[in-house]
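Numbers for residues simply follow the sequence, beginning at 1. All values reported here derive from a predicted model rather than from experimental measurement.
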Amino acid sequence: MRSPRLVATDLDGTALRSDGTVSPRTAAAFALVENAGAALVFVTGRPPRWMHTVAGAVRHRGLAICANGALVYDLHTEQIVKSHLIHPDVLEEVVRRLREKVPDLAFSVEYEGGFAHESDFRLGGWDSRAVAGLRVGTTTLISRPCAKLLALHPTMDPDILQAAVCGLVGDLVTPTHSSGRALIEMSAHGVTKASALAHLAMTRDIEPHEVIAFGDMPNDLPMLRWAGTSYAVANAHPEVLAAVDHVTAANNDDGVAGVLERLYNP
C-alpha cells in the first residue's frame, strides 16, 4: 500500500503525551513522514500562542491548523498566514441567545493575537498556569472579530451542553468541544478542522484518499470523516472511537508514532 501523502494529526490527547510534550519516539516518527516527502500537518484546537513548544520540537517545520480550523499557522515563522474569524455582530447574537437560555455560561475569546475572558470564566490548562488574558466585560469581549468564542458551564456534561449550544446557535457558528470540561468552542459557521485541511490539501493537489488523520475528541470528527484513513487513539472519546476506521494505542503509549513507523520506515 502506498504511504499517505499527507498526515494530519491532532495534538493534545492524540500525538502529545498527557503532560503536553512530544515524546522522542513521536518526534522521530514525524521526521520519518517528512523524510519520505509527505506533508505533516498539525490540526489542533490550540491557539497559536500555545504552539511555540511544539514548533521547537519539530524544528519549526511545516504548517499547523489552529483554533479548530480558524487559523493557519506557519511553524517556521510562527506567524498566522490565514484566518476565518467570527464577526462582532455574530458574536453579539450568539452570546445573547446563549445567555437567554443557559444563563450560567461564562465566555472567553481567542483573537488572532491574544485572549480575553469574562471575570467569572474559570481558566484551565495552560492559561491557569500562565499570565492570563485580559479580563473584560462582555461588550468589550465581543467588540472585535475573533477566531474562537468559548462558553464554559460550571456543572453541565460536555456532550449535553454541546447539543444544547448546537440547537441554539448552530445556524450562526460551528460549536464543538475537546476537553473534559463543559467548555464549548465555537468557530465561524462552516469552519472546522476538515474545512481547513481540505483547502490545504487542495492547494497541494492531494485527494482525501491520500490523507491519514488521527484524533481523540469530538472536534476531530469532521477531519476524521473527511480523511481517507482515520485513526483514534485508545483513550479517545466514545463517539470518536465509533467513527474511525482504526484504533491505535493511547497517546501516552505513542499510538500515533506506532502507525507512522509502520507506514514510513524505509
Side-chain angles (χ1 to χ4, degrees), residues 3-16 20-23 26-85 110-114 126 146-148 174 176 178 185 187-188 190-217 219-231 256-257 259-260 263-264:
S3 298
R5 293 181 60 202
L6 189 154
V7 173
T9 183
D10 175 53
L11 291 174
D12 296 287
T14 301
L16 302 187
T21 61
V22 181
S23 75
T26 296
F30 289 160
L32 286 175
V33 174
E34 295 192 318
N35 291 340
L40 174 65
V41 182
F42 300 119
V43 191
T44 178
R46 285 187 178 209
R49 61 195 176 88
W50 287 7
M51 292 299 293
H52 179 71
T53 302
V54 175
V58 296
R59 290 173 287 177
H60 296 270
R61 294 186 299 189
L63 289 173
I65 293 170
C66 294
N68 294 326
L71 303 172
V72 179
Y73 189 65
D74 187 319
L75 293 174
H76 175 65
T77 62
E78 297 196 49
Q79 297 291 321
I80 295 167
V81 295
K82 191 174 183 64
S83 60
H84 298 279
L85 305 180
E110 288 286 352
Y111 303 115
E112 284 185 286
W126 283 27
C146 69
K148 279 202 304 187
T174 301
T176 189
S178 63
E185 307 166 42
S187 303
V191 172
T192 66
K193 290 187 174 188
S195 67
L197 185 62
H199 182 269
L200 178 61
M202 181 184 67
T203 65
R204 302 183 180 199
D205 294 320
I206 296 174
E207 299 292 332
H209 72 269
E210 299 175 297
V211 178
I212 185 171
F214 299 86
D216 75 311
M217 289 297 285
N219 65 327
D220 296 315
L221 284 168
M223 171 180 72
L224 294 170
R225 290 170 175 151
W226 175 83
T229 303
S230 59
Y231 272 86
V256 172
V259 176
L260 298 180
L263 289 171
Y264 293 99

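Put simply, the side chain of Val256 does not reach to within 4.5 Å of the side chain of Thr26, judged on heavy atoms. You'll find the side chain of Ile80 stays beyond 4.5 Å of the side chain of Val72, heavy atoms only. Contact of the Leu85 side chain with the Tyr111 side chain is not registered, since no non-hydrogen atoms from C-beta on lie closer than 4.5 Å. Looking at Phe42 and Thr9, their side chains come closer than 4.5 Å, going by heavy atoms from C-beta outward. A heavy-atom distance below 4.5 Å is found between the side chains of Val259 and Phe214. Using a 4.5 Å heavy-atom cutoff, the side chains of Tyr73 and Pro47 are not in contact. When side chains are defined from C-beta on, Trp50 does not count as touching Thr44, because their heavy atoms never get closer than 4.5 Å.
Put simply, the side chain of Lys193 never gets that close to the backbone of Met223: no donor and acceptor are under 3.5 Å apart. Checking side-chain atoms of Arg46 against main-chain N and O of Asp12 turns up no donor-acceptor pair under 3.5 Å. In this structure, the side chain of Thr174 engages the main chain of Gly190 through a donor-acceptor pair within 3.5 Å.
Between Phe30 and Ala15 the shortest heavy-atom distance is CZ-CB, 4.0 Å. Here the shortest heavy-atom pairing between Val33 and Val7 reads CG1-CG2, 3.9 Å. Annotation for Leu75 and Met51: closest pair CD2-CE, 4.1 Å, computed over non-hydrogen atoms. In terms of heavy-atom proximity, Pro48 sits nearest to Leu71 at CD-CD1, 3.6 Å. Leu263 approaches Pro4 most closely through the heavy-atom pair CD1-CD, 4.1 Å.
Taking CG of Leu6 as the reference point, atom CZ of Arg204 lies at 7.0 Å (rounded to 0.5 Å).
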- [ ] For side-chain contact (heavy atoms from CB on, under 4.5 Å), just list the numbers for Leu260 and Leu32, CA-CA rounded to whole Å, side-chain angles, deciding distance to a tenth of an Å, and then say yes or no.
- [x] CA-CA 8 Å; Leu260 298 180; Leu32 286 175; 5.9 Å; no
TODO: Apply side-chain contact (heavy atoms from CB on, under 4.5 Å) to Val211 and Thr229, showing your working.
DONE: CA-CA 6 Å; Val211 178; Thr229 303; over 6 Å; no
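The existence of a salt bridge linking Lys148 and Glu110 is excluded, since no basic side-chain nitrogen approaches an acidic carboxylate oxygen closer than 4.0 Å.
The only option from Thr176, Thr192, Asn219 that meets the side chain to side chain donor-acceptor pair (under 3.5 Å) definition with Asn68 turns out to be Asn219.
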